[in-house]
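Side chains included, hydrogens not; waters and symmetry mates left out as well; all remaining heavy atoms used.
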Amino acid sequence: MESDVLRNWKISGEHPKWKRDQLQQALKLRGYSRKTIKAYCSQIERFLASLPQVDTDISTSNVQTYCLSLLERGVSHSSVNQTISAIRFYCRHVLHHPTEIQYICPKKQTKLPNVMSEKEVAQLLKSITNLKHKTILYLTYSAGLRVGEVVRLRYSDLDTERQTLIVRQGKGQKDRRTLLSSLAWEIVQNYIAAYRPNRWLFPGQSSDRHLTERSVQKVFEEARQRGGIVKKVSIHALRHSFATHLLENGTDLRYIQELLGHTSAKTTQRYTHVSTKNIQRIQSPLDRMDMGD
């Protein structure tokens with residue numbers, strides 16, 4: 001339970017160590033994305049609320065205690081590592097902490113991407129009747145987009161001459177080109193003729209703001225259920241499936257890396273572990289045995 005003091009500073013924003021404006025400014029100056037800025041602010045606020053007293057200094061001990069509590073609650077290792085990065089940044093660039101706090105980062109977990117088969121993707125896409133929703137999910141899969149990238153698309157990002165799609169300032173503040181499927185382009189044209197979007201290709205309730213990521217996630221979940229997809233996957237599975245299906249159809253891993261916008265080839269190599277093409281060529285030793293009575 002939080003003390004009354006901690007509850008009060010969270011409401012008033014007057015905790016002596018909580019300097020939200022300075023943190024946001026320091027992150028912006030160093031080119032951090034809006035998503036990371038929001039995440040860092042939330043993580044620092046929760047961490048400060050966990051300190052036993054308002055005037056408690058930030059030390060190695062209470063950082064480790066807090067991170068251990070997160071792990072015990074089932075928070076992923078990657079989220080805990082981001083929390084540690086946020087605290088390190090806050091101490092160094094905002095509080096100008098006089099001493100270097102020693103951090104122990106939990107070992108990174110290795111998880112395979114959740115992937116749908118080509119049949120499952122087709123099943124999901126065919127289940128959508130709403131033209132706007134269909135256009136969003138067709139583009140997400142056919143171009144291997146993140147949900148934050150598809151909601152920020154503009155009509156001018158579609159290069160029909162080169163059959164490519166430009167992703168502006170994706171993860172890591174990078175522009176990249178990826179595929180513009182002919183089938184997806186046909187659906188986009190129908191969508192534009194019907195909806196006539198202005199600034200954003202997929203505007204939200206207000207035309208000057210794009211559709212929210214949460215709205216698109218709900219669109220995907222409804223399509224997953226309607227299409228009878230049993231796998232518990234999120235919209236990000238369309239991006240994973242795009243990469244895996246390209247790999248299984250013989251596309252070079254280096255090209256897939258470029259299309260996805262991965263800085264490191266190691267990130268793209270994860271898809272070699274979920275591709276079933278080579279696995280299916282290997283015969284189990286059991287199938288070579290004569291098990292007849």
Side-chain angles (χ1 to χ4, degrees), residues 30-33 35-36 76-78 81-82 85 105 107-122 124-125 135-188 201 213 216 220 231 233-282:
R30 289 163 179 80
Y32 283 73
S33 68
K35 200 169 185 177
T36 302
S76 70
H77 287 203
S78 60
N81 282 332
Q82 189 184 52
S85 296
C105 294
K107 186 178 180 179
K108 189 175 181 180
Q109 295 165 310
T110 301
K111 292 184 178 181
L112 294 178
N114 289 320
V115 172
M116 294 186 290
S117 67
E118 290 186 4
K119 182 179 178 181
E120 287 172 323
V121 172
L124 179 139
L125 294 177
T135 308
I136 290 170
L137 295 188
Y138 265 71
L139 281 175
T140 302
Y141 169 69
S142 67
L145 302 178
R146 300 178 179 92
V147 63
E149 294 169 345
V150 74
V151 297
R152 291 175 175 82
L153 284 176
R154 302 170 190 261
Y155 179 71
S156 58
D157 295 333
L158 309 175
D159 188 340
T160 55
E161 292 296 322
R162 298 184 182 181
Q163 285 194 300
T164 59
L165 185 154
I166 304 171
V167 179
R168 308 280 182 189
Q169 297 296 284
K171 190 173 182 179
Q173 307 297 299
K174 296 179 296 185
D175 290 353
R176 74 176 190 278
R177 281 187 182 271
T178 184
L179 306 178
L180 177 58
S181 150
S182 298
L183 179 57
W185 171 236
E186 288 178 18
I187 294 171
V188 169
L201 188 58
E213 294 180 20
V216 175
F220 174 86
K231 289 177 182 174
V233 290
S234 69
I235 188 171
H236 205 61
L238 290 179
R239 176 174 160 87
H240 292 322
S241 301
F242 163 83
T244 304
H245 298 162
L246 283 179
L247 182 66
E248 290 180 340
N249 285 297
T251 305
D252 191 285
L253 206 61
R254 291 171 296 177
Y255 293 132
I256 298 174
Q257 180 184 347
E258 289 294 325
L259 294 173
L260 294 175
H262 288 160
T263 303
S264 170
K266 289 183 179 179
T267 308
T268 317
Q269 284 169 358
R270 293 182 304 164
Y271 298 108
T272 62
H273 300 296
V274 295
S275 172
T276 60
K277 186 175 182 179
N278 291 327
I279 293 175
Q280 289 170 344
R281 292 175 179 170
I282 303 171

Between the CG atom in Leu153 and the CD1 atom in Ile166, the distance rounded to the nearest 0.5 Å is 10.5 Å
More than 12 heavy atoms from other groups under 6.0 Å of CZ on Arg254:
no
Closest non-hydrogen atom pair between Ser142 and Leu179, with its separation:
O-CB, 3.9 Å
How far does OG of Ser117 sit from CD of Glu248, to the nearest 0.5 angstrom?
9.5 Å
Can a salt bridge be assigned to the pair Glu213 and Arg152 using a cut-off of 4.0 Å between side-chain N and carboxylate O?
yes
Determine the minimum heavy-atom distance between Glu118 and Asn249, stating which atoms define it.
OE2-ND2, 3.1 Å
In Å, rounded to the nearest 0.5 Å, how long is the span from CG of Leu253 to NE2 of His262?
10.0 Å
Mind listing the closest non-hydrogen atom pair of Asp159 and Arg177 along with its distance?
OD2-NH1, 3.3 Å
Atom NE2 in His236, atom CG in Leu145: separation rounded to 0.5 Å?
11.0 Å
Check Leu238 against Tyr141 and note the closest heavy-atom contact, atom names and distance.
O-CD1, 3.5 Å
Once you round to the nearest 0.5 Å, how far does CD1 of Ile235 lie from CG of Leu137?
5.5 Å
Side chains of Leu180 and Leu139 in contact at under 4.5 Å (non-hydrogen atoms)
yes
Any idea which heavy atoms bring Ala237 and Ser241 closest together, and the distance?
O-OG, 2.6 Å
Does any non-hydrogen side-chain atom of Tyr138 lie less than 4.5 Å from one of Val188?
no
On a heavy-atom basis, which atom in Ile256 and which in Leu246 lie closest, and how many Å separate them?
CD1-CB, 3.9 Å
Mind checking the CG-CG spacing from Leu259 to Leu165? Nearest 0.5 Å is all I need.
11.0 Å
Just to verify, which of Arg176, Lys35, Arg154 counts as forming a salt bridge (Lys or Arg N to Asp or Glu O under 4.0 Å) with Glu149?
Arg176
Quick one: are Val233 and Phe220 in side-chain contact, heavy atoms under 4.5 Å?
yes
